[in-house]
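One structure is given below, encoded as structure tokens.
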Amino acid sequence: MATGAARGYWPYLIPSAVLFTAVIVVPFVMNVATSFTRWSGVGTPTWIGVDNYTRLFRDERFWTSFANNVALIVAMAIIPTVLGLVLAAALFDYIGKRFGPRTASALRAAYYLPQVLPVAVAGVVWGWMLHPTYGAVNQIFGLKVNWLGDPDFALATVMAVMVWFQLGYPVVIFMAGLQRADPALHEAAEIDGASWWRRFWHITIPQIRPEIFVVLLTCTIAALKVFGPIFVLTRGGPANATMVPSYFSYLNFFQKSNVGYGSAIATILALIIVVVTFAFLRVQERES
């Protein structure tokens, strides 16, 4: 009976399987095949074997882009996760109990608002705010800093923008996780004299560990494939200070018409994302 019921589910998986094959598998296989060629996007590709990959690993811009990507992982995954945990706990344990759940929900929505805004709109607004001449940031603090045009400030500025952009997602996920946490444990610890910080560290975090893994994984993947904010804010500049692999691949695809080389960059990036995802899942299995 169980086997027959299981077989009955398979026809319902066919549409999604066909869509996944057409949208994900086929383009990925074509991209991998193209990465072994020299092709401008027009005409017949020329097979060159692994030349694109040997060139790639000697390319300083490639390694610079991945170093910048690591910095963006910090800005889009690690910092939002840490701040999101603290903010979610504060909204749930303090704001919600002292000022009511509506106030906590309104603040949660305010934190999540950047996630709703289109990347292009948010990037243009931040570009205006950070403009060296008439930008609000320089006007308010009386500075004359070219936040996005100076190699010494550009990456740190983009990281700060991405923290603002990404923070609302962990807050929403963690507040949802806190709602299933056992309040009796907090009450018992509070009666025993445990401070809020000790309750947060020893009770709250262990209970929402699955949510922490989900947030870290999804935010890390988002950081590895980040493109829109870089395109809108800096175009990878100045002097490659904010170059990331996804934008580096785009440059080779569409501006340099070096499709084979761009495909090699995209293939390496996809493999890294797969490896990172597998590593996260393995760690989560061991922790659970």
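If you're wondering where the values come from, they're calculated on a predicted model, not measured in any experiment. Just so you know, these numbers use all the heavy atoms, side chains as well, and skip hydrogens, waters and symmetry mates.
Taking the six-membered ring for Trp and thresholds of 30 and 60 degrees, W197 and W201 have nearly parallel ring planes, at less than 30 degrees apart.
Side-chain contact between F227 and V244 is absent, with no heavy atoms from C-beta onward closer than 4.5 Å. At least one side-chain heavy atom of L85 sits under 4.5 Å from a side-chain heavy atom of F200. Residues Y169 and P80 are not in side-chain contact: their nearest non-hydrogen atoms beyond the backbone lie 4.5 Å or more apart. The shortest distance between side-chain heavy atoms of L87 and L167 falls below 4.5 Å. Contact annotation: the side chain of P229 never approaches that of M76 to less than 4.5 Å [non-hydrogen atoms, C-beta and beyond]. Contact check for Q115 versus V172: no side-chain heavy atoms found under the 4.5 Å cut-off. Under the 4.5 Å side-chain criterion, counting only non-hydrogen atoms from C-beta, V163 is not in contact with M159. Within the 4.5 Å cutoff, the side chain of V171 has no heavy atoms near those of the Y112 side chain.
The minimum heavy-atom distance linking K97 with F92 is given by the pair CG-O, 4.1 Å. Between P27 and T21 the shortest heavy-atom distance is CD-O, 4.2 Å. The two residues N68 and M243 make their nearest non-hydrogen contact at ND2-O, 2.9 Å. When every heavy atom of I95 is checked against every heavy atom of L107, the shortest pair comes out as CG2-CD1, 3.9 Å. Here the closest non-hydrogen pair linking A33 and T37 is O-CG2, 3.7 Å. Listed here is the closest heavy atom pair of A266 and S249: CB-OG, 3.9 Å.
A continuous path of Ile, Leu, Val, Met, Phe, Trp and Tyr side chains, each step under 4.5 Å between heavy atoms, connects I205 with F280, placing both in one hydrophobic cluster. In the hydrophobic cluster analysis, where Ile, Leu, Val, Met, Phe, Trp and Tyr join through side-chain heavy atoms closer than 4.5 angstrom, V275 is grouped apart from L216. Residues V82 and F174 fall into different hydrophobic clusters, defined by Ile, Leu, Val, Met, Phe, Trp and Tyr side chains chained together at heavy-atom separations under 4.5 Å. Put simply, F20 and V274 are part of two different groups of oily side chains (I, L, V, M, F, W, Y) that touch within less than 4.5 Å, one to the next. Under the 4.5 Å side-chain heavy-atom criterion for ILVMFWY residues, a single connected hydrophobic cluster contains both M175 and F99.
W126 CH2 to L233 CG: the interatomic distance, rounded to the nearest 0.5 Å, is 9.5 Å. Taken from NE2 in H202 to CG in L185, the straight-line distance is 13.5 Å, to the nearest 0.5 Å. A distance of 8.5 Å separates CG in L91 from CZ in R108, rounded to the nearest 0.5 Å. Note that CG of N69 is 7.0 Å distant from CG of L269, once rounded to the nearest 0.5 Å. To the nearest 0.5 Å, atoms OG1 (T277) and CG (L224) are separated by 8.5 Å. Taken from CE in M162 to CG in L155, the straight-line distance is 11.5 Å, to the nearest 0.5 Å.
Within 6.0 Å of CD in Q255 there are more than 12 heavy atoms belonging to other residues, nucleotides or ligands.
Legend: side-chain hydrogen bond (donor to acceptor under 3.5 Å, both in side chains) pairs involving residues 144-158, not counting sequence neighbours, sorted by first then second residue: N138-W147.
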Between L19 and I24, does the side-chain contact (heavy atoms from CB on, under 4.5 Å) criterion hold? Intermediate values first, please. CA-CA 8 Å; L19 186 63; I24 303 296; over 6 Å; no
List the steps and the verdict of side-chain hydrogen bond (donor to acceptor under 3.5 Å, both in side chains) for N240 and S65. CA-CA 8 Å; N240 299 319; S65 69; over 6 Å; no
Criterion side-chain contact (heavy atoms from CB on, under 4.5 Å) on I272 and F66, from CA distance to verdict: CA-CA 11 Å; I272 290 175; F66 266 104; 3.3 Å; yes
Output, in order, the C-alpha distance, side-chain angles, deciding distance and verdict of side-chain contact (heavy atoms from CB on, under 4.5 Å) for F165 and V119. CA-CA 9 Å; F165 187 83; V119 174; 3.9 Å; yes
Could you walk me through whether V50 and F36 pass side-chain contact (heavy atoms from CB on, under 4.5 Å), step by step? CA-CA 6 Å; V50 297; F36 294 102; 4.0 Å; yes
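Ring centroid separation for the pair Y53 and F57 does not come in under the 6.0 Å cut-off. The ring of Y250 has its center no closer than 6.0 angstrom to the ring center of F253.
With hydrogens and angles disregarded, a donor-acceptor distance shorter than 3.5 Å links the side chain of R199 to the backbone of A194. When atom types are taken as modelled, the side chain of N52 and the backbone of S35 share a donor-acceptor pair closer than 3.5 angstrom. Side-chain atoms of S263 come within 3.5 Å of backbone N or O of V259 as a donor-acceptor pair. Between the side chain of Q139 and the backbone N or O of T133 there is at least one donor-acceptor pair closer than 3.5 Å. The backbone N or O of I208 lies less than 3.5 Å from no partner atom in the side chain of R180, so there is not a single donor-acceptor pair.
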